[in-house]
Each structure stands twice: as structure tokens, then as C-alpha cells.
Amino acid sequence: MTTLPDRPNTALLVVDLQRGVVEEAHQRDTVLANVARLVEKARSEDVPVVWVQHCDDHLQRDSDAWELAPELPRNDNDPLVEKSYGDAFEDTTLESVLSELGVGRLLVAGAETDACVRSTLHGALVRGYDTTLVSDAHTTNDQSAWGAPPPEVVIAHTNLYWSDQAAPQRTAGTIETENVDFRASRPIHATNEAGA
């Protein structure tokens, strides 16, 4: 259903799961284990895994904080996209990487839920991608000292509202790690998995 012509393939998009981003993230170990399972499953089905890595004053290139979390098995031949904005498509090579791979359907995992994950989800959908959030494979840090809801509420809310997203000729939704089927003949649209 993607609006992108000749783009029948699926990719797993892993957003900003870097040491400095997830060091104290909500349910860090569980989320990283789920993402590692998704990566393994994608590879076993010859589905590309595209990694996104944020770079700014707090996450300086080649610093320990900038590195991907050590639990995640990135291969040297996996595409890596560096970004400086919340939306992983903004001023990056992501669109050209996905185009070259023939991808029109994305499964998204990563951090932080209420920042780069949300921005990238919306960026993908408005650019024509079928966009599914893996509901138990994204996380955020506790920003409640600055007025944000607790992380478990941020995650649950994002899962809730993304499970009911839609756009003309595009699908969106959420799905749990255990239910991911990269080879589904139609886009994933699972609206009953909005839990944290």
C-alpha cells in the first residue's frame, strides 16, 4: 500500500540506540534484547537492517556516548545513517539508502520514544512509507523533572496513538516483537498492541 512506486521491500530501522542515549533508559535491557531479536530475525529473512546514529554537541562523533549500545549486533555491511535532527530523514542519506534497497515498508525501533522515534515515524509516513512501530522495542529516558510524563506513560501513549494512524494509500500501526513477520505479503497493521 505504500505510495512509493517499485518499493516492495521491508527494512528494520533502528533509531539512535547509542550508549549515551540509552544508558539510563526505561527498561533498557528488555528493549535492547527485543531489538537484538528483531535484528537476528531480519537477517535470517534477508531483510535489511538500517541503523541511525545521532550526532550533536552531546553525542559527538567517535565518543563512547555516540557508539551504538554494545548489545546490538551491527554488521559492517549494514547501512548506517548519521543524523543531526530528530527526523532521521531530515538532511540525511536515509531516503537514498531506502530507495536503493527498494524499501517502502518500515518497522521502527529505537530511542528516544518522545523525540527521534516519533519524529522519524511521522517523517516516514508523510514521505509515503508504510510505517510500523515495534511497541516493545523503543524506549525513552525519564524527563519528568522537566514536566514530561513518566517514561512508561510516554511509551504507552506513543503506542496508543500510533496504533491508530493512517494516511491515504499508507498504513501505520504497532506490533510486538514476537509477532513481527518481515515477509508479510501486506503491510503490518496491528492496532491492538498499544501497551507499554
Side-chain angles (χ1 to χ4, degrees), residues 1-17 34-35 37-55 68 72 74-111 113 115-138 158-194:
M1 292 208 18
T2 176
T3 62
L4 303 170
D6 302 319
R7 306 267 292 265
N9 299 329
T10 299
L12 174 62
L13 186 65
V14 182
V15 178
D16 297 354
L17 289 178
N34 286 342
V35 173
R37 286 175 47 209
L38 289 166
V39 169
E40 181 180 323
K41 183 175 178 112
R43 288 199 180 117
S44 74
E45 297 181 23
D46 293 323
V47 169
V49 179
V50 179
W51 301 84
V52 176
Q53 205 165 4
H54 193 85
C55 185
L68 294 172
L72 298 177
R74 181 179 174 265
N75 288 343
D76 288 340
N77 60 341
D78 290 341
L80 176 64
V81 174
E82 291 186 24
K83 70 177 183 63
S84 300
Y85 300 98
D87 180 353
F89 288 90
E90 194 66 42
D91 198 29
T92 69
T93 61
L94 182 56
E95 173 55 33
S96 61
V97 166
L98 296 174
S99 177
E100 190 173 303
L101 295 168
V103 169
R105 178 176 174 245
L106 294 172
L107 278 87
V108 179
T113 300
C116 299
V117 170
R118 269 191 202 166
S119 294
T120 300
L121 288 169
H122 288 280
L125 191 64
V126 301
R127 286 173 174 88
Y129 291 87
D130 292 326
T131 311
T132 301
L133 175 63
V134 185
S135 62
D136 55 356
H138 63 99
T158 302
N159 288 338
L160 175 67
Y161 90 75
W162 199 256
S163 69
D164 198 31
Q165 288 295 307
Q169 300 176 9
R170 285 158 281 165
T171 61
T174 60
I175 193 164
E176 292 178 349
T177 298
E178 68 179 311
N179 296 326
V180 168
D181 179 4
F182 288 107
R183 294 294 179 194
S185 60
R186 58 186 172 85
I188 297 170
H189 186 70
T191 59
N192 297 325
E193 299 181 7

Peer 1: Can you find a pair of side-chain heavy atoms, one from Asp46 and one from Arg183, that are under 4.5 Å apart?
Peer 2: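 Heavy-atom side-chain distance check passes, below 4.5 Å.
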Peer 1: Taking all atoms of both residues into account, what is the closest heavy-atom pair of Val117 and Gly110, and its distance?
Peer 2: CG2-C, 3.5 Å
Peer 1: Taking the side chain as every heavy atom from C-beta outward, state whether Thr92 and Val52 have any atom pair closer than 4.5 Å.
Peer 2: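 No, side chains not in contact.
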Peer 1: Has the side chain of Asp87 got a donor or acceptor atom that lies under 3.5 Å from a matching backbone atom of Phe89?
Peer 2: yes
Peer 1: Go through the steps for Leu133 and Tyr161 under the test side chain to side chain contact (heavy atoms under 4.5 Å, CB included), then give the verdict.
Peer 2: CA-CA 11 Å; Leu133 175 63; Tyr161 90 75; over 6 Å; no
Peer 1: Side chains of Asp130 and Thr2 only: does a donor on one sit below 3.5 Å from an acceptor on the other?
Peer 2: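 No - no donor-acceptor pair under 3.5 Å links their side chains.
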Peer 1: What's the spacing between Thr3 OG1 and Arg127 CZ if we round to 0.5 Å?
Peer 2: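 Answer rounded to 0.5 Å: 12.0 Å.
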Peer 1: Evaluate the side-chain proximity of Leu4 to Leu98: yes if any heavy-atom separation is below 4.5 Å, no if none is.
Peer 2: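 Leu98 does not reach Leu4 side chain to side chain.
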Peer 1: With a 3.5 Å distance limit and no angle check, can you tell me whether Ser44 reaches the backbone of Lys41 through a side-chain donor-acceptor pair?
Peer 2: yes
Peer 1: Work out which heavy atom in Ala109 is nearest to a heavy atom in Val35; give both atom names and the distance.
Peer 2: CB-CG2, 4.0 Å
Peer 1: When you compare the side chain of Val81 with that of Leu94, does any pair of heavy atoms fall below 4.5 Å?
Peer 2: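 Yes, side chains in contact.
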Peer 1: Do Pro79 and Glu100 have side chains that get closer than 4.5 Å, going by heavy atoms?
Peer 2: no
Peer 1: Between Glu176 and Arg37, is there a salt bridge with N-O shorter than 4.0 Å?
Peer 2: no
Peer 1: Where is the tightest heavy-atom contact between Leu125 and Thr131, given as atom of each residue plus distance?
Peer 2: N-OG1, 3.6 Å
Peer 1: Using the side chain to side chain contact (heavy atoms under 4.5 Å, CB included) definition, which of the options Val14, Val49, Leu107, Val134 pairs with Leu38?
Peer 2: Val134
Peer 1: Nearest heavy-atom pair of Leu160 and Ser163: which atoms, and what distance?
Peer 2: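 What the structure gives for the nearest pair is O-OG, 2.7 Å.
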Peer 1: Any chance CD of Glu45 has more than 12 other-residue heavy atoms, nucleotides or ligands included, within less than 6.0 Å?
Peer 2: yes
Peer 1: Search all heavy atoms of Arg105 against all heavy atoms of Phe182 and return the closest pair with its distance.
Peer 2: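 Looks like NH1-O, 3.1 Å.
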Peer 1: Measure from the side-chain N and O atoms of Ser99 to the backbone N and O of Glu95, and report whether any donor-acceptor pair falls under 3.5 Å.
Peer 2: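 No, because the side chain of Ser99 does not come within donor-acceptor range (under 3.5 Å) of the backbone of Glu95.
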Peer 1: Ignoring hydrogens, what is the shortest heavy-atom contact between Val50 and Ala11? Give both atom names and the distance.
Peer 2: CG2-CB, 4.4 Å
Peer 1: Atom OG1 of Thr93 and atom CG of Leu80: how far apart are they, to the nearest 0.5 Å?
Peer 2: 8.5 Å
Peer 1: Checking side-chain polar atoms at under 3.5 Å, does Thr177 have a donor or acceptor matched by the opposite partner on Asp136?
Peer 2: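 Indeed, the side chains of Thr177 and Asp136 share at least one donor-acceptor pair under 3.5 Å.
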Peer 1: How far does CG of Asp16 sit from CG of Leu68, to the nearest 0.5 angstrom?
Peer 2: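 CG of Leu68 is found 9.0 Å from CG of Asp16.
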Peer 1: For Thr174, is there any backbone N or O sitting under 3.5 Å from a side-chain donor or acceptor partner on Ser135?
Peer 2: no
Peer 1: Please determine whether the number of non-hydrogen atoms from other residues, nucleotides or ligands lying under 6.0 Å from atom CG of Asp6 exceeds 12.
Peer 2: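 At most 12 heavy atoms, drawn from other residues, nucleotides or ligands, come within 6.0 Å of this atom.
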Peer 1: How long is the straight-line distance from NE2 of His54 back to NZ of Lys83, given to the nearest 0.5 Å?
Peer 2: 4.5 Å
Peer 1: If only atom types and distance count, is the side chain of Asn9 paired as donor or acceptor with the main-chain N or O of Leu101 below 3.5 Å?
Peer 2: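 Yes; judged by distance alone, with no hydrogens or angles, the pair exists.
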Peer 1: What distance separates Glu90 CD from Ser119 OG, expressed to the nearest 0.5 Å?
Peer 2: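 Result: 10.0 Å between the selected atoms.
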Peer 1: Between Val108 and His138, is any pair of side-chain heavy atoms under 4.5 Å apart?
Peer 2: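 Heavy-atom side-chain distance check fails, nothing below 4.5 Å.
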